Amino acid sequence: MNAELQKQIHEWIRLHREEGTCFLQKMVRIPSTQGNEKEVQALITDKFRELGLDVDVWEPDGETLETHPYFCSPRNRFTGSPNVVGVMKGTGGGRSILLNGHIDVVPEGNRDQWQDDPFSGNVVDGKLYGRGATDMKGGNLSLLLAVEAVQSLGIKLKGDVIVQSVIEEESGGVGTLAAIVKGYRADAALIPEPTNLRIFPKQQGSMWFRTHVKGRSAHGGTRYEGVSAIEKSMIVLQHIRELEKQRNARISDPLYAQNPIPIPINIGVIQGGNWPSSVPDTVKLEGRMGVAPEEKLDEAKEEMIRWMEELKGKDPWFEEHPPVVEWFGARWVPGSVDPGHDLMRVLMEQYREVRQEEPTIEASPWGTDGGLLTQLGETPCIVFGPGITQVAHYPNEHILLDHVFEAAEIIALTLIHWCGFTEWRHSDGSEPETDEIH
């Protein structure tokens, strides 16, 4: 029976490949950057209603959410930026699952670096191009096709399926936070971020930090009478690099075996000085600190602060002029699910059935909304989806369509085996099977 059911799912997705590609083009052609999500969410809302889901559309209440300890966003008003949730109610007695995908995309950047319009949605050699194709509208389509395939084949699931199209993942997860606060939870969750069809039971967290390195100004002609903040910042940068080495040396998790730096500390902004003939008296450093899956954000913060206090042992200047660490902007909560979790087992089994090979199990090198779902929402979350990170946020972003439809097939079968079912129709129209997958 399982082979017959898989065959029907595969055939349904094959027959709806063109329709699915067109829908992905529609999503990609809407530039849903931060603050501009309304149009694409209307498209998603219509799709949810077409599928007969119980639909919930709302704009997050920023004034209430900003008092929440997990709130992180550059704005506190979300007018025109709705969340959309659709629920496919089960018949009862099965496990529920939450399917979460973010609809926001990062800006396209310099259009001159794109071969075509950044929101073209054009298909060339089996790849669909456009900002957000990989991160993560392609994965969102996989979710939609999985749900639609199950429905269209008359498969009655026992457990509820909650499908979320959320805003603001790229800024730290306000959309998912708002859904959690509203009460959306399940027995487990799946996020189809671009993993290149690898399975991530663990996700790194991260947070942004800033520090100011002080110097003493003087005329460039007598620079020896001043103290260059640029030169002192070089000491700080090396000190931070040593912290990165120390933190990563503690990580022995085999899921990070293929990652040379599991939790990097990246300095992304250096600003200092204001006149070529003056000794610079201030340098601003801004960066991103990686956080291990089992680590708390506050633990990582405290380690960074203590480490920076040790600079006075490297240079007496820092005794009276210590760089003070500030935490600002985006942050992503880390998340960890036991690789032996039953959803992992189910997902891996369906992967093997569809792709006829062993899945690759790793820890995510970047943050997702999965940490919020796992830690705050008490909904263990696994990340698995089409697309590769090496093109996400890059010019000429694209996704391999074959992987989108393979992921849809794997996810559809996972829903069936995770939630259980009460009946389904045979392709020849004969009487439905009942109660065979739990």
Side-chain angles (χ1 to χ4, degrees), residues 65-76 170-174 177 204-220 223-251 261-276 278-292 294-334 366-367 371 375:
L65 287 174
E66 67 179 349
T67 64
H68 196 287
Y70 282 83
F71 177 84
C72 176
S73 176
R75 56 181 177 153
N76 66 357
E170 296 290 0
S171 298
V174 161
L177 173 63
Q204 176 192 152
S206 66
M207 49 192 171
W208 290 358
F209 68 93
R210 176 191 297 124
T211 188
H212 292 90
V213 183
K214 298 176 183 178
R216 183 172 60 240
S217 186
H219 193 286
R223 71 173 183 82
Y224 43 83
E225 294 180 353
V227 176
S228 170
I230 289 177
E231 292 177 8
K232 295 302 180 185
S233 71
M234 295 178 184
I235 300 173
V236 175
L237 288 170
Q238 182 57 38
H239 191 59
I240 291 173
R241 187 64 70 235
E242 290 169 4
L243 174 62
E244 180 189 67
K245 290 180 181 178
Q246 180 172 298
R247 283 173 54 76
N248 282 274
R250 298 198 296 257
I251 294 179
I261 309 176
I263 48 172
I265 303 177
N266 178 70
I267 301 298
V269 174
I270 300 179
Q271 294 176 344
N274 52 31
W275 193 252
S278 294
V279 175
D281 59 3
T282 305
V283 167
K284 179 177 73 174
L285 305 177
E286 291 182 346
R288 170 201 183 275
M289 183 180 191
V291 182
E294 289 86 7
E295 188 177 21
K296 301 295 185 183
L297 293 178
D298 286 344
E299 293 172 352
K301 286 181 180 180
E302 290 169 7
E303 184 172 17
M304 168 71 86
I305 291 169
R306 289 195 305 270
W307 187 259
M308 295 296 275
E309 290 173 350
E310 295 180 12
L311 274 165
K312 58 189 177 186
K314 297 284 185 72
D315 188 318
W317 175 258
F318 296 117
E319 184 76 47
E320 295 185 9
H321 308 87
V324 177
V325 178
E326 306 168 7
W327 305 95
F328 78 102
R331 67 172 180 263
W332 289 266
V333 180
W366 23 255
Q375 286 201 32

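Keep in mind that what you see is a predicted model, and the values were worked out from it rather than measured. When reading the values below, keep in mind they use all heavy atoms of this one structure, side chains included, and skip hydrogens, waters and symmetry mates.
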Within the distance-only criterion (no hydrogens, no angle test), does the side chain of R331 pair as donor or acceptor with the backbone N or O of F71 below 3.5 angstrom?
yes

For residues 225-236, pull every pair meeting side-chain hydrogen bond (donor to acceptor under 3.5 Å, both in side chains), keeping only residues two or more places apart or in separate chains.
K232-D315

Output the distance between atom CE (M289) and atom CE (M207), rounded to the nearest 0.5 Å.
5.0 Å

When the side chains of residues 263-274 are checked against the rest of the protein, which donor-acceptor pairs come out under 3.5 Å, sequence neighbours left out?
residue, atom, partner, partner atom, Å
Q271, OE1, K284, NZ, 3.1

Would you say the side-chain atoms of W332 pair up with the backbone N or O of S171, donor to acceptor, closer than 3.5 Å?
no

Is the CZ atom of R75 crowded by more than 12 outside heavy atoms at less than 6.0 Å?
yes

Show the numbers, then the answer: is there a side chain to side chain contact (heavy atoms under 4.5 Å, CB included) between R216 and D281?
CA-CA 5 Å; R216 183 172 60 240; D281 59 3; 5.8 Å; no

Min side-chain heavy-atom separation F318-P323 under 4.5 Å:
yes

Any chance you could measure H239, atom NE2, to K314, atom NZ, to the nearest 0.5 Å?
5.0 Å

Give, for atom CD of E319 and atom CD of E309, the distance between the pair rounded to the nearest 0.5 Å.
11.0 Å

Polar side-chain atom of Q246 near backbone of L243 as donor-acceptor pair, under 3.5 Å:
no

Who passes salt bridge (charged side-chain N to carboxylate O under 4.0 Å, His left out) against K312, sequence neighbours left out?
none

Reported CD1-to-CH2 distance for the pair I240 and W307, which is rounded to 0.5 angstrom:
11.0 Å

Name the orientation class of the two ring planes belonging to W208 and F328 (parallel below 30°, tilted from 30 to 60°, perpendicular beyond 60°).
tilted

Between W275 and H219 (side chain of the first, backbone of the second, donor and acceptor by atom type, cut-off under 3.5 Å), is there such a pair?
no

So, Q204 side chain and P334 main chain: donor-acceptor pair closer than 3.5 Å or not?
no

From E303, E244, E299, residue fulfilling salt bridge (Lys or Arg N to Asp or Glu O under 4.0 Å) relative to R250:
E303

Between CG on residue L311 and OG1 on residue T211, distance to nearest 0.5 Å
8.5 Å

Within the structure provided, determine whether F209 and L285 are in side-chain contact (heavy-atom separation under 4.5 Å).
no

